[in-house]
Amino acid sequence: MVDLRGNPFYLDEAGERWVKETEAAMTPHEKVCQLFADPLMGKSREELIQFLEEYPLAAIPFRAALYGNEEAQDIMAELQERAKIPYLYAGNCESGPNGALKGGTLVASGAQVRATRDARYAYEVGRITGSETSAVGYNWTFGPVGDIYGNWRNSLINTRAYGSDPQFVSDCVEAYNKGCMEYGVVPCLKHFPGDGWEERDQHLAISNNGLTCEEWDETYGKIYQTAIDHGVLSIMAAHFTLPAYQKKLNPQLEERDMKPACLSRELIGGLLRGRLGFHGLVVTDQTKMMGYYGMSRFDAIPLSIACGCDMILGINDIEEDVEAMKAGLKSGIVTEERLTEAIYRILACKAAIGLHRRKESGSFHPGKEALARIGCREHLETAREASQKAVTLVKNTKGQLPLSPEVYKKIGVFVLSGNVGSLNSSYGQGVQSGGSDQITERILAALKKYGYEPELMVSSVNKGKIADFKARYDAVMIFADITSFAQTNSVRLFWPHPMSSCYPWYIHDVPTVFTSFNYTNHLVDVARVPAFINAYNDTSETVDETVKRIAGLAPFEGKYDEDVWCGMWDTHF
């Protein structure tokens, strides 16, 4: 049974008693519902109340940005007050509270922190996440990212991971966790057993970590072991296989029978619980991902709990998913002991941050004054500081930078922007630019601020005379603000026309600078561009700091890793 007094829960006598008494008083239906978490997107306040009265979930990855922070704060508090058992409210806040809140501060992406070479900024991401999300009512965050960027073709964690150095990743994970917990917001380390080895996106397919046991122990294993030893309360099990360890822990297991971590007894029960000694809350990654569908969902739902996960993230159809779990209990796939263990861990995680005491005192509403913390000046200044330290000059092979506005005034500007596969995010959150108009306005405003005369280039299949082009522009700046989410396994530049006039055919005739505000490996598509900059996010602060450095008014301080060259010789030129 779960050690409620030990690592990671460390409950006192009252907390332990609350867990045991609460579990004992739950009905069988309530216990099954407590195994699920879902965003419940698209529901009004009244619909949320009605749904949760019938299906009292354990957690809600709430989308405050879809309601507005004030309304979200009221709804979240009301639902807590109505609930028999308080909810864990989660946000996907890897880079900051912008991952959950309207106007939340985007502090720094993982790649941005790596460029600074300073884990202190990971702490600031966690601290500001805790500060702003708790002001609305959140108490859980799906972060930090403990993945290792080992394959430059992996577009999913390109800017999310803290780089390819396992020690630095571990340092950042611990710093982020510390910052969150200062505000009673539980971090959830992800994505066990580790993304970044191959290029497939688990949203689209079951993915694989192909390291040997020894290699995993020295990399991902150290990251997870350190976090576990330091008391991380929750870990997310992803849709990845880890064949070396699965075979080691079960020599009879055939490759065709290997399941992703969230469905694997070897990886959850054997590796995470057994060898690493994690006794905290394990939640699956979103089960609507294709990586979860290596078997029938009706069979997978109970198997996730049977293999050692405590909570299932994502509901496909509530009636069907609940029925699948009840069928698993009836057939013995999930034992009563395993069910009780999972419920204990869910309740213990809630008690570890005092939700049982807040329930008794009715103190779930943070108050409207707390909302002033969201996007406040101090947080924005920290974000600007991270940008100042992170903007990276990857190459300047012709020595064209800086481009002084006094010499290079007439600037041709081209902006590539949007979410690959879809120009809009249906999640109402994240680091999407909001479309080409918004980012273009930021870029043009910054260029004008520093003395340039920018002109948006018009794409055409007709390039025209080189002499006319040189007469029109003193220099060209191309800006890419491309993101991707769950719709493609790669991020590549997509030009508006075949052989477009905007493509950098002019690099030998006018100074040309290419800047990426998100994906770090665009050199694969513009290898011969002589000046290349990675800026890591598209906030107004980052755009401003980037242009300032192009103009030579501040130094480039960010550092790049070798993967920026995409393993190709010609990207260096």
Side-chain angles (χ1 to χ4, degrees), residues 94-95 108-123 125-126 142-180 187-200 202 207-232 234-238 240-246 248 261 267 271-272 274-278 280 285 390 392 520-521 534 536 558-567:
E94 303 166 7
S95 302
S109 66
Q112 191 174 359
V113 173
R114 174 59 180 163
T116 70
R117 299 297 194 269
D118 189 346
R120 178 173 66 87
Y121 290 105
Y123 162 78
V125 175
F142 293 151
V145 173
D147 299 322
I148 299 171
Y149 191 48
N151 185 336
W152 73 265
R153 293 183 183 274
N154 188 312
S155 59
L156 182 63
I157 66 161
N158 176 273
T159 58
R160 301 168 71 191
Y162 292 116
S164 57
D165 177 2
Q167 185 58 57
F168 186 75
V169 173
S170 182
D171 292 344
C172 290
V173 164
E174 296 310 304
Y176 179 102
N177 290 349
K178 181 177 184 294
C180 284
C188 184
L189 175 57
K190 60 184 185 183
H191 306 82
F192 179 84
D195 197 353
W197 183 84
E198 66 151 299
E199 64 189 82
R200 286 179 295 180
Q202 63 168 332
S207 301
N208 179 48
N209 187 317
L211 296 181
T212 67
C213 295
E214 294 74 19
E215 290 170 334
W216 191 89
D217 288 340
E218 290 301 311
T219 53
Y220 296 91
K222 284 190 174 181
I223 294 167
Y224 279 91
Q225 190 66 72
T226 300
I228 290 166
D229 291 345
H230 290 174
V232 67
S234 66
I235 289 176
M236 181 176 285
F240 298 104
T241 59
L242 183 60
Y245 253 115
Q246 287 174 277
K248 179 176 182 177
L267 295 182
L271 180 56
L272 184 58
R275 294 176 71 92
L276 297 180
F278 180 62
D285 208 334
T392 304
T520 67
N521 290 101
N534 273 327
Y536 310 104
K559 305 294 192 300
Y560 61 82
D561 290 330
E562 287 302 303
D563 57 68
V564 75
W565 305 113
C566 309

Closest non-hydrogen atom pair, [X] against [Y]:
X: Val232; Y: Pro187; answer: CG2-O, 4.3 Å
X: Trp152; Y: Cys566; answer: NE1-O, 3.2 Å
X: Gly146; Y: Val173; answer: CA-CG2, 3.9 Å
X: Asp285; Y: Ala238; answer: CB-CA, 4.1 Å
X: Ala115; Y: Ala390; answer: CB-O, 3.5 Å
X: Cys213; Y: Lys248; answer: SG-CD, 3.6 Å

Checklist entry - Among all residues two or more places apart in sequence or in another chain, which pass the ring pair (Phe, Tyr, Trp, His ring centres under 6.0 Å) test with Tyr245? => result Trp216
Hey, what do you get for [atom1] ([X]) to [atom2] ([Y]), rounding to the nearest 0.5 Å?
X: Gln112; Y: Tyr162; atom1: CD; atom2: OH; value: 11.0 Å
X: Thr520; Y: Asp561; atom1: OG1; atom2: CG; value: 9.0 Å
X: Thr241; Y: Asn208; atom1: OG1; atom2: CG; value: 3.5 Å
X: Leu156; Y: Asn151; atom1: CG; atom2: CG; value: 12.0 Å
X: Leu276; Y: Leu271; atom1: CG; atom2: CG; value: 4.5 Å
X: Asn534; Y: Thr392; atom1: CG; atom2: OG1; value: 6.5 Å

Item to check | Those residues that, when tested against Ser155, pass side-chain hydrogen bond (donor to acceptor under 3.5 Å, both in side chains) (two or more places apart) | outcome: none
Keeping [X] on the side-chain end and [Y] on the backbone end, is there a donor-acceptor pair under 3.5 Å?
X: Lys190; Y: Phe142; result: yes
X: Asp147; Y: His191; result: yes
X: Tyr220; Y: Ile223; result: no
X: Asn154; Y: Tyr149; result: no
X: Asn209; Y: Gly194; result: yes

Next on the checklist: Just so I know, are the side chains of Pro144 and Leu189 near enough to count as touching, which here means a heavy-atom distance under 4.5 Å?
Outcome noted: yes
Next on the checklist: A side-chain contact here means heavy atoms from C-beta on lying under 4.5 Å apart; do Leu272 and Ile228 qualify?
Outcome noted: yes
Checklist entry - Just checking, is any N or O donor in the side chain of Asp195 or Gln202 under 3.5 Å from an acceptor N or O on the other one? => result no
Checklist outcome for this item: Sequence neighbours excluded, the answer for side-chain contact (heavy atoms from CB on, under 4.5 Å) partners of Lys559 is Arg117
Item to check | Tyr176: which of Val145, Val125, Val113 passes side-chain contact (heavy atoms from CB on, under 4.5 Å) | outcome: Val125
Next on the checklist: Under the criterion salt bridge (Lys or Arg N to Asp or Glu O under 4.0 Å), I'd like the reasoning laid out for Glu218 against Lys222: C-alpha separation, chi angles, the key distance, then a yes or no.
Outcome noted: CA-CA 6 Å; Glu218 290 301 311; Lys222 284 190 174 181; 3.1 Å; yes
